[in-house]
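Inspection log for the structure reproduced underneath, given as structure tokens.
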Amino acid sequence: MPTPVMTVAPEAVTPGFVGFAAIVVVLIAVILLIWDMNRRIRRVRYREEVREELDAEEAARAADEATETDADLPITREGDDDPRST
């Protein structure tokens, strides 16, 4: 079985400076994309935390208003609201 012989010089097949520059550009692009993604994820987390705090404040305010409204209602004893008791 014959062994293949190289017909091209090994130096001509290497990527050279252009290949190195392309890899550096791709590396810089990936780093910038990761940095932007982390910034966006942090922003979404922060917005979610603020939204949860606002919802909690709104629920507390609604509970306070409900308590105040309940305090204005007349006090009824058991059986007073039964229509059959009249």
Side-chain angles (χ1 to χ4, degrees):
M1 174 156 206
T3 306
V5 179
M6 290 189 67
T7 57
V8 179
E11 298 84 29
V13 183
T14 62
F17 179 73
V18 175
F20 176 75
I23 294 300
V24 168
V25 168
V26 168
L27 178 67
I28 290 171
V30 167
I31 289 171
L32 290 175
L33 285 171
I34 290 172
W35 183 38
D36 184 57
M37 181 187 65
N38 282 333
R39 189 178 54 159
R40 289 174 188 266
I41 289 173
R42 224 177 302 131
R43 189 178 305 151
V44 167
R45 264 192 222 142
Y46 178 71
R47 285 181 181 167
E48 183 62 29
E49 288 175 7
V50 169
R51 189 175 297 127
E52 287 175 359
E53 288 176 11
L54 290 174
D55 289 344
E57 289 175 7
E58 187 176 322
R61 189 176 307 122
D64 288 343
E65 289 176 4
T67 304
E68 291 172 5
T69 305
D70 290 345
D72 295 339
L73 293 176
I75 299 175
T76 58
R77 286 182 251 134
E78 261 187 61
D80 284 351
D81 56 349
D82 190 10
R84 293 177 288 177
S85 64
T86 57

Member of I28, V26, L27 meeting the side-chain contact (heavy atoms from CB on, under 4.5 Å) criterion with V24
I28
Does E48 pair with R45 as a salt bridge, N-O distance under 4.0 Å?
no
For the atom pair CG (D36) and CD1 (I41), what is the distance rounded to the nearest 0.5 Å?
10.0 Å
Could you go step by step and tell me if N38 and R42 meet the side-chain contact (heavy atoms from CB on, under 4.5 Å) rule?
CA-CA 6 Å; N38 282 333; R42 224 177 302 131; 4.0 Å; yes
Find the distance between CD (E53) and CD (E58) and round it off to the nearest 0.5 Å.
14.0 Å
Does one hydrophobic cluster hold both Y46 and L54, with members joined at side-chain heavy-atom distances below 4.5 Å?
yes
